[in-house]
Number of protein chains: 2
Amino acid sequence: MKDDTPVRRSPVSLADCNLSRSFELVGDRWTLLILRSALYGVRRFDDFQADLDIPRTVLSNRLAGLVESGIMEKRAYREEGQRSRVEYPLTDMGRALMLPFMAMTQWGDKFLSDGVMPLTLRSRKTGERISVAYTDEQGRAVSFADIEAVIDPDARKRAARKRKPAKGG
Amino acid sequence: MKDDTPVRRSPVSLADCNLSRSFELVGDRWTLLILRSALYGVRRFDDFQADLDIPRTVLSNRLAGLVESGIMEKRAYREEGQRSRVEYPLTDMGRALMLPFMAMTQWGDKFLSDGVMPLTLRSRKTGERISVAYTDEQGRAVSFADIEAVIDPDARKRAARKRKPAKGG
DNA sequence: CCATCAGAGTCCACAAAAAGGACTCAGGAC
DNA sequence: GTCCTGAGTCCTTTTTGTGGACTCTGATGG
């Protein structure tokens, strides 16, 4: 973001930063791996457990947290002549994590993969390879070099006003 | 990715998945926060420490890991008439994390923010707001609904061949 | 009606990692 | 020589994770 100016502190406080807030919900090794499996389609307790070889206590805690955050849902399901069981499908909020996760996958593809990519995206219509990139308002890709960050120094105040609009919002 | 087929296991093993490999390097709460500060421009040990209020032992360990991964660099710097000290700038590999991190920020903006965004991106040329999105090969934005995932079942084998090309690569 | 099975957990003992604070070490400046 | 600052290390306490056994529930089957 900066090239030679010495930055001593992040310009956005941890409490106001939507990135660090995201990390509070999903920024934990097991949570990230659970979400990876979930985005691949896994939904059931024992399937997560076997897929990731995660301790059952940890899985139980993480799933509860993800449900509380609204990223997953806890729901009963019933297979043919089976009794009712529980599954953990992603909500819209959870499915929206596909974009950052694919951006991260792309990063891994580039820097960690020997050039082999087990998972790629393609267009249903044209079959073209799809990637994640910066785009402008017309939906045209923009190179990283042409981008600058904008910090809104009043974000904290405006957030406070939004939360209790009685006091002047 | 799937809508009603029951998926029992991830189609890509943890060892082959470039997403889970990425998480091995950066998928830890403190590591993610250190990288956030680094992308904001922070570089020095005590600055990271104060910015994040991170225990010094943890910071020390994490920075060593990030240097070993090639995400950060450990380098001496010298200010005007000061003695030489150490800084931790991001490498190209580290700076490339801006894309997944901005994708994650966008997710936080949408789901966690009350609509307030302290950090946004804009085009240096046109001033337009920049966002992160799926794009096709011509650099045109594509909606999520038009995308499908493609799994390469031979990725594991091809990766092995790439790593020791003497045996037939 | 009793035993069995599978999914979805909980409980407990042990190990690893994080938190917090004091301490060290190096090299200029005073 | 003494002070100061940046960049760590060391040590103790607390928290979290790990791994395995155990529980609970409701269908199935003999």
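Because the structure is a prediction, the values reported are computed rather than measured. Just so it is clear: chains get the letters A, B, ... in the order the sequence lines come, proteins before strands, and each one is counted from 1.
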Compare side-chain N and O positions of [X] against OP1 and OP2 of [N] and report whether any pair is under 4.0 Å apart.
| X | N | answer |
| --- | --- | --- |
| Tyr88(B) | dG8(D) | yes |
| Trp30(A) | dT18(D) | yes |
| Thr57(B) | dC10(D) | no |

Please verify the inter-ring angle class for Phe101(B) with Phe23(A); under 30° counts as parallel, over 60° as perpendicular, anything in between as tilted.
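Aromatic pair Phe101(B)/Phe23(A) classed perpendicular.
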Whole-Å gap separating [atom2] ([N]) and [atom1] ([X]):
| X | N | atom1 | atom2 | value |
| --- | --- | --- | --- | --- |
| Ile34(B) | dA7(D) | CD1 | P | 14 Å |
| Asp53(B) | dG20(C) | CG | P | 7 Å |
| Arg29(A) | dA17(C) | CZ | C1' | 12 Å |
| Gln49(A) | dA8(C) | CD | P | 11 Å |
| Lys74(A) | dG9(C) | NZ | C1' | 8 Å |
| Arg75(A) | dG7(C) | CZ | P | 19 Å |
| Arg56(B) | dG8(D) | CZ | P | 9 Å |
| Leu59(B) | dA17(C) | CG | P | 18 Å |

Short N/O separations, protein against nucleotides 28-30 of chain C, under 3.5 angstrom:
from    : atom 1 : to       : atom 2 : distance (Å)
dA29(C) : OP1    : Gly81(B) : O      : 3.0

Val58(B) side chain, from C-beta outward: closest of dG8(D), dA19(C), dT18(D)
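Per side-chain heavy atoms of Val58(B), the pick is dA19(C).
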Return the nearest nucleotide to the side chain of Tyr77(B); candidates are dA7(D), dT9(D), dG9(C).
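Minimum distance to the Tyr77(B) side chain belongs to dA7(D).
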Tell me every residue that passes salt bridge (charged side-chain N to carboxylate O under 4.0 Å, His left out) with Arg56(A), counting only those two or more places apart in sequence or in another chain.
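Residues passing salt bridge (charged side-chain N to carboxylate O under 4.0 Å, His left out) with Arg56(A): Asp46(A).
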Electrostatic pair Arg75(A):Glu87(A) at N-O distance under 4.0 angstrom
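Judged by the 4.0 Å cut-off on N to carboxylate O distance, Arg75(A) and Glu87(A) do form a salt bridge.
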Are the aromatic rings of Phe45(A) and Tyr88(A) close, with centres under 6.0 Å apart?
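Centroid separation for Phe45(A) and Tyr88(A): 6.0 Å or greater.
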Around Glu148(A), counting heavy atoms of other residues, nucleotides and ligands shown, do more than 12 lie under 6.0 Å from its CD?
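Counting other residues, nucleotides and ligands, CD of Glu148(A) exceeds 12 neighbours.
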Is the closest side-chain heavy-atom distance between Ile34(B) and Met72(B) below 4.5 Å?
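A side-chain contact exists here, since the closest heavy-atom pair is under 4.5 Å.
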Does Arg85(A) or Arg8(A) map to a spot on DNA chain D nearer the 5' end, using the closest nucleotide for each?
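Taking each residue's closest nucleotide, the earlier one in sequence belongs to Arg8(A).
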Can you tell me whether the side chain of Arg44(B) and the base of dA7(D) have a donor-acceptor pair closer than 3.5 Å?
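No such pair is found, so the answer is no.
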Any side-chain donor near an acceptor of the partner, Asp51(A) and Ser37(A), under 3.5 Å:
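Side-chain D/A pair, Asp51(A) to Ser37(A): present.
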Both Asp28(B) and Asp46(A) contact DNA chain C. Which one's nearest nucleotide lies toward the 5' end?
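Here Asp46(A) is the residue nearer the 5' end.
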